[in-house]
Amino acid sequence: MASYNRVNGVPSPANTYLQTELLRKTWGFGGVVVSDDYAIHYMIHGHHWIPPGATKPVDGPMATACGMKAGTDLNCGFTYSGNVRKAIEAGLMGEEVLDRALIRAFSERMRTGEFDDERAVPYNKISPDVIGCAAHDALAEAIAREAPVLLKNAPAAGGAPLLPLEAGRLRKVVLLGEKRQVKEMSLGGYSMHKPSVVSTPEQGLREALRRLNPQVAFTCITPQADFSEEERAAIREADVAIAYVGTLNGVDCKENKDRKTIDLPRGQAQWIQKVAALNPRVVVWVQAVAQVNLEPFRENVPAIVWTGHNGQAQGRAFASLLLGEANPSGRLSCTWYQNEKELASITDYTLRAINGTKGRTYQYFTGAVAYPFGHGLSYTTFAYGDLALGADTVSPDGSVTATVKVTNTGSRPGQEVVQLYVASPNAKTRERPRERLFGFEKVSLRPGETKTVSMTFPAAELYYWDTTAKRRTYDLGTYEVRVGASSEDIRLRAPFTLAGSLTPRLSVVYADVDRQIFDLTKGKTQACITPSACRNDESFYDAKALSVTYASSCPAVIAVDALGTFTAKAPGVATITVTITADGCTKSTTFPIAVL
């Protein structure tokens, strides 16, 4: 899918380098590319893009031609359908460009069996009864239990961490949150249809407390500008006050509507501070589209949990995790920054800390971090030991296997996400990441149980992109494998040496074709094939030095000569095969030709 943004000044749907040079010629993608919703439209009305050589921004026909010629075959929206004929008539693109897009689209539809006998298509055996079935409901709840991330879990006033709550010892529980957050289902984008089985946070917690301790007095408060005296008393007297906060889809953000700040909206951080001033036993549960700013209260509350929009079972999962019936095992998939002002402008995609910026992501960021990439706590503890590597020295052709023993040293069953990072010999320089994630594995452990976790990664992935040579290149020397519970919580380290070079191999064969549909009544009967071949280091072979052969599945319809020129002979369809041999490897690609 071609995205909305520009890359190096060119909108993604019109970016030939992305859609053809990289995606197809380098990586070997053979499917169909569709624009993100209205991405072609935004080239006109959002980017106001002026293509190289043009004197004015694109209009409908020009945006259509630029998108199709670059390799965006389908438009999610209406720009193509209203302008493709105009683009051809204006000479902005030829019919062969439209033919190529249609052939790619219909080929995918054929692969999925759309035009086959319905009885031969396995998807037709799936009945609507599977929607919302018991197995799917159970899966939704299992996912909802494993997704939340326990960010913080400290003692409220000395002793043990606040979570999990012991239902049998609770007398009074207060849940605070906006009505749309706690009393209704807050679902993510594209959740248009309400599932048949749902559980709101209030329902989930109320039902769990009733089941585990019917004597608990449960109060749900919807915070206003300030708390009433009665609400203050309820908060103050509660064994635990649970603040359920976050963002609302469609209100605070949605597709095509970014947040302008990561602060919690509608004063939620302010009323959390008021709750914390009344009661030290506060759990903040955040359900938000992404990171939110926790700094106003992070040091003043003992427990914080974050989750994305957690689906139809969010209420039951919320209760089971708070009450210890489930153990948190989610991990952060991005760095949580303490101060968004330490980041460059949202339009600055530079990752490295250069030009006065502090960079981005766990690989380069040099500012203050609230919670690191990969972070997530558990109600139990884990110990790591006996890290071993399969080899001391490896070449880019080889692989590295790391094994480590992980032990549950706590009193509860739990799941640890073992993470493997690698640092290059130049990790301390500005040009290289400080470390990169190369593997992770989630392992379930009973109290006292030990398991050996093994992870393997190809050494070829240790490359960096050489912008001068335009190929993958390697830092040779001593690398460090780091294993731990997050990008900053590294428990064990082991070195290995990368030596030698990557053995060149043919990786991708691509054929650019002048035309794929011929009409014999219009006179044009010949077209050419321009082949390309890419190595496994993403560099290209000299096309003139390639050993290339061509073959037609039906020479009576399409004849092809040794130079890649093919000639339409008679109505029908044929498949052309282009075969290239290089560096001892042989690979082929095929494409269809139709003659009318």
Can a donor-acceptor pair be found, under 3.5 Å and without considering hydrogens, that links the side chain of [X] to the backbone of [Y]?
X      : Y      : answer
Ser487 : Pro372 : no
Thr64  : Gly60  : yes
Asp466 : Lys470 : no
Arg100 : Asp73  : no
Arg24  : Gly31  : yes
Asp59  : Met62  : yes
Tyr474 : Ala460 : yes
Thr20  : Ala70  : yes
Thr307 : Ala147 : no
Asp116 : Val121 : no

What is the ring orientation for [X] with [Y], classed by angle as parallel under 30°, tilted 30 to 60°, or perpendicular over 60°?
X      : Y      : value
Phe566 : Phe591 : tilted
Tyr38  : His41  : perpendicular
Tyr362 : Tyr421 : perpendicular

Given the rule in the side chain to side chain contact (heavy atoms under 4.5 Å, CB included) test, do Val443 and Val418 qualify, once you have shown the distances and angles that lead to the verdict? CA-CA 8 Å; Val443 56; Val418 183; 4.0 Å; yes

Is it true that, when you exclude [X] itself, more than 12 heavy atoms of the residues, nucleotides or ligands shown sit nearer than 6.0 Å to its [atom1]?
X      : atom1 : answer
Phe540 : CZ    : yes
Glu89  : CD    : yes
Glu95  : CD    : no
Asp392 : CG    : no
Phe115 : CZ    : yes
Tyr464 : OH    : yes
Arg85  : CZ    : no

If you define the side chain from C-beta out and look only at heavy atoms, does anything of [X] sit under 4.5 Å from [Y]?
X      : Y      : result
Tyr42  : Asp36  : no
Ile593 : Phe518 : yes
Ile40  : Tyr80  : yes
Val508 : Lys25  : no
Leu23  : Val33  : yes
Leu506 : Ile580 : yes
Val394 : Leu498 : yes
Met43  : Thr79  : no

NZ/NE/NH1/NH2 to OD/OE distance under 4.0 Å, [X] and [Y]:
X      : Y      : answer
Arg472 : Glu461 : yes
Glu538 : Arg471 : no
Arg119 : Asp117 : yes

Going by atom types only, do Gln312 and Asp137 share a side-chain donor-acceptor pair under 3.5 Å?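 There is such a pair between these side chains.
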
Go through it in stages, so that I can follow the logic: the residues are Phe365 and Tyr337, the test is ring pair (Phe, Tyr, Trp, His ring centres under 6.0 Å), and I'd like the CA-CA distance, side-chain angles, deciding distance and then a yes or no. CA-CA 9 Å; Phe365 186 62; Tyr337 308 102; 4.6 Å; yes

Minimum heavy-atom separation for Pro396 and Ala499, please, with both atom names.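 Closest pair (atom of Pro396, atom of Ala499, distance): CD-O, 3.5 Å.
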
Closest contact, heavy atoms only, Asn426 versus Thr429: O-OG1, 2.7 Å

Applying side chain to side chain donor-acceptor pair (under 3.5 Å) to Tyr463 and Asp475, what does each step give before you reach the verdict? CA-CA 7 Å; Tyr463 75 91; Asp475 289 323; over 6 Å; no

Step by step, work out the side chain to side chain contact (heavy atoms under 4.5 Å, CB included) result for Cys528 and Arg515. CA-CA 8 Å; Cys528 294; Arg515 179 180 296 272; over 6 Å; no

Sequence neighbours excluded, the answer for salt bridge (Lys or Arg N to Asp or Glu O under 4.0 Å) partners of Arg331 is Glu416

Kindly indicate, with the supporting measurements, whether the criterion side chain to side chain contact (heavy atoms under 4.5 Å, CB included) is fulfilled by Arg259 and Thr247. CA-CA 10 Å; Arg259 295 177 296 163; Thr247 60; 4.2 Å; yes

Side chain to side chain contact (heavy atoms under 4.5 Å, CB included) assessment of Lys524 paired with Asp519: CA-CA 7 Å; Lys524 186 172 178 60; Asp519 186 342; over 6 Å; no

